[in-house]
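Below you'll find the structure, written out as structure tokens, and then a few comments.
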2 protein chains.
Amino acid sequence: MRKTGQSGKAAPRTQDPEGTRRNILEIASEEFALNGLAGARVDEIAARTRSSKRMIYYYFGDKEGLYVSALENAYRQVRDGEAKLDTDGLPALEALRRLVEFTFDHHHRHQEFIRMVMIENIHRGEYLDRSDAIRDLNATAIDHIARIYARGVADKQFRPGLDPLELHWQISALCFFNVSNRATFSHIFGRDFGTTDALARLKDNTVEMVLRFVARKDALPDD
Amino acid sequence: MRKTGQSGKAAPRTQDPEGTRRNILEIASEEFALNGLAGARVDEIAARTRSSKRMIYYYFGDKEGLYVSALENAYRQVRDGEAKLDTDGLPALEALRRLVEFTFDHHHRHQEFIRMVMIENIHRGEYLDRSDAIRDLNATAIDHIARIYARGVADKQFRPGLDPLELHWQISALCFFNVSNRATFSHIFGRDFGTTDALARLKDNTVEMVLRFVARKDALPDD
DNA sequence: GGCAAAATGTACGAACTGGTTAGTTTCGTC
DNA sequence: GACGAAACTAACCAGTTCGTACATTTTGCC
């Protein structure tokens, strides 16, 4: 799909391939996040689109192709957002705190992304396999935490011997679960964990938990 | 068609309502855990059953009724298993360690359960709402950790002011994610987190993380 | 203006899917 | 050993769902 160089802004057209594609992808992302791969309906997606079912198949091949694109779309958006955090000037302990807080909030802000990841895990990552675009996006996601950790160890603030990737795992777990399992958890224990108050407490706990895990005892405040 | 001994139990019958029901539920649980509510096929379930599609509707009403039963089934099995852990004789710190280790392993042993919970969360707990059976099962699930925590605080091993339910949340998060998101996580970071080695490390980390979060500084070993 | 390629609209159909209809067999019990 | 209820079977049905065939318009380019 090549775009010839044009002068000025593109004039409004009756035909707008790029816009159509984007519009379809947007609606599809919503529907898949809402209903899952099997649960989403191509006809329903088409109906909500400014375009038609014909166009879905024209641009994305089939339902699964559309799903994979929606998945890529979700990852791309979220990773783009993550890149905005900058902690380079901060002391390691503070940087880590910021990172965890940011991750917590970021997950909370992008619930459709969380849902897509849940759905994809139900499918055992089968469709992720078909997308080389996604792996590339995440290769650098680990860098940030690795840098902070290295800094903290050098400063004798963090205990050595931890694996940044495993640390990332733990942080992800705490922040992800917080969104992914809220429905069942709240229901079962009869307490709403979605209130701003509950969320604030969970965030504090999460930060605290990570910091206590990583920091050396003497770098922590007294109990 | 085998004959059971006449050991007081019902003689073998060609008609076996209880057995049929259980058989259907068993297969249905597998299929729903495998494919989700929308993804599972009633015909496929029926085919794998010793019985027929008609019987599914006879005993469970409709597809959703069958799904709710499968969900209840999953919760019941897992909660029954959990009840087996006994830490009452142990010092609080050791008891908590055992609890976390057990939870970690237990989640790992019951991946179909995890999948059912994931699926139900995709459905926002809508079907959990329809089942009063499940809430009752979990009302006591929090007791165990609450007892350990209270003991630890009394013994000056744990820092006070924590909420057992929130603690349970954190532990669940770490152990749940470990199963639920393995597919995408492993894929994205190109490292298999399902090996016995990786699991052992993650378990250690998880235990460590919880203990460091709960214990008072002076109750912990040096870094 | 003319033309091929890209983009789009309309309508349809084959296969699937949840659910049912209608009828048969089994079984406790009186 | 008759009888009604419970357990069960097989075939079928109607609505849905993904996907496509065919026709048409728009666009870039000479």
Side-chain angles (χ1 to χ4, degrees), chain A residues 1-28 31-32 34-70 123 127 130, chain B residues 1-4 6 8-28 31-32 34-70 119 123 126-127 130:
Chain A
M1 215 159 307
R2 85 192 93 92
K3 259 233 161 175
T4 41
Q6 82 288 47
S7 48
K9 287 282 169 263
R13 300 174 189 158
T14 7
Q15 273 185 209
D16 177 15
E18 200 52 44
T20 302
R21 221 195 110 96
R22 203 172 33 242
N23 176 235
I24 291 174
L25 190 55
E26 206 171 290
I27 303 292
E31 287 291 318
F32 282 126
L34 218 53
N35 305 311
L37 172 53
R41 298 285 163 247
V42 177
D43 282 311
E44 176 64 21
I45 295 173
R48 291 190 49 206
T49 288
R50 262 185 262 112
S51 170
S52 68
K53 185 156 69 152
R54 179 68 186 73
M55 286 295 94
I56 292 176
Y57 288 93
Y58 185 67
Y59 284 118
F60 299 95
D62 59 9
K63 192 187 185 185
E64 296 192 347
L66 182 58
Y67 171 78
V68 171
S69 293
H123 292 289
Y127 300 94
R130 306 193 192 168
Chain B
M1 214 156 279
R2 68 212 92 127
K3 268 218 166 215
T4 47
Q6 60 279 64
K9 261 294 171 192
R13 299 173 190 158
T14 14
Q15 280 191 350
D16 177 14
E18 201 49 46
T20 301
R21 220 195 110 95
R22 203 171 33 242
N23 176 235
I24 291 174
L25 190 54
E26 205 170 290
I27 304 292
E31 286 291 320
F32 282 125
L34 217 53
N35 305 310
L37 172 53
R41 297 286 164 243
V42 177
D43 282 312
E44 177 64 21
I45 294 173
R48 290 190 48 204
T49 288
R50 265 185 259 112
S51 172
S52 68
K53 184 157 70 153
R54 181 67 186 79
M55 285 295 97
I56 292 176
Y57 288 93
Y58 186 66
Y59 284 117
F60 299 95
D62 58 9
K63 192 188 186 185
E64 296 192 347
L66 182 58
Y67 171 78
V68 171
S69 293
I119 289 164
H123 293 288
E126 180 184 342
Y127 299 93
R130 305 193 192 169

- Query: What integer distance in Å separates A:Glu64:CD from D:dT17:C1'?
  - Reply: 14 Å
- Message: At 4.0 Å (heavy atoms only), tell me whether B:Tyr59 reaches a base, stays on the sugar-phosphate, or touches nothing.
- Response: sugar-phosphate
- Message: Expressed as a whole number of angstroms, how long is the span from A:Leu66:CG to D:dG19:P?
- Response: 10 Å
- Take atom CE of B:Met55 and atom C1' of C:dT24, then tell me their distance rounded to the nearest Å. 12 Å
- Query: In whole Å, what is the span from the CZ atom of B:Arg50 to the P atom of D:dC8?
  - Reply: 11 Å
- Note on the structure: Taking every heavy atom of A:Ile24 against every heavy atom of A:Ser51, the minimum-distance pair comes out as CD1-OG, 4.3 Å
- Closest heavy-atom pair and its distance - B:Leu37, B:Ile119: N-CG2, 4.1 Å
- Task: Using modelled atom types only, decide if a donor and an acceptor are shared between the side chain of B:Lys63 and the backbone of B:Tyr57 within a distance under 3.5 Å.
- Result: no
- Task: Quickly work out the A:Asn23 CG to C:dT8 C1' distance and round it to whole Å.
- Result: 14 Å
- Nearest-Å distance, CZ (A:Arg21) to C1' (C:dA6)? 15 Å
- Spell out, as yes or no, whether a donor-acceptor pair under 3.5 Å connects the side chain of B:Asn23 to the backbone of B:Arg50. yes
- Testing C:dG9, D:dC8, C:dA7 for proximity to the side chain of A:Ser52, the answer is C:dG9
- Message: Should the side chain of B:Arg54 and the base of C:dT21 be counted as holding a donor-acceptor pair, with the cut-off at 3.5 Å?
- Response: yes
- Message: Please tell me if A:Tyr58 has a side-chain N or O lying less than 4.0 Å from either OP1 or OP2 of C:dG9.
- Response: no
- The contact string for nucleotides 13-18 of chain C, one letter per nucleotide 5' to 3', using protein heavy atoms under 4.0 Å with B, S and - for base, sugar-phosphate only and none, comes out as ----SB
- Looking at B:Thr20, does any N or O in its side chain come under 4.0 Å of the phosphate oxygens OP1/OP2 on D:dC8? yes
- CD1 of A:Ile56 versus P of C:dT10: gap in Å, rounded? 15 Å
- Message: Tell me which pairs pass salt bridge (Lys or Arg N to Asp or Glu O under 4.0 Å) where either residue lies in residues 35-48 of chain B, with sequence neighbours left out.
- Response: B:Glu30-B:Arg48, B:Glu31-B:Arg48, B:Asp43-B:Lys53
- Task: Provide, to the nearest angstrom, the distance between the CZ atom belonging to A:Phe60 and the P atom belonging to C:dT8.
- Result: 12 Å
- Query: Nearest heavy-atom pair of A:Ser52 and A:Ala46: which atoms, and what distance?
  - Reply: C-CB, 4.1 Å
- Message: Could you report the tightest heavy-atom contact between A:Leu66 and A:Ile56, atom names first, then the distance?
- Response: CD2-CG2, 3.7 Å
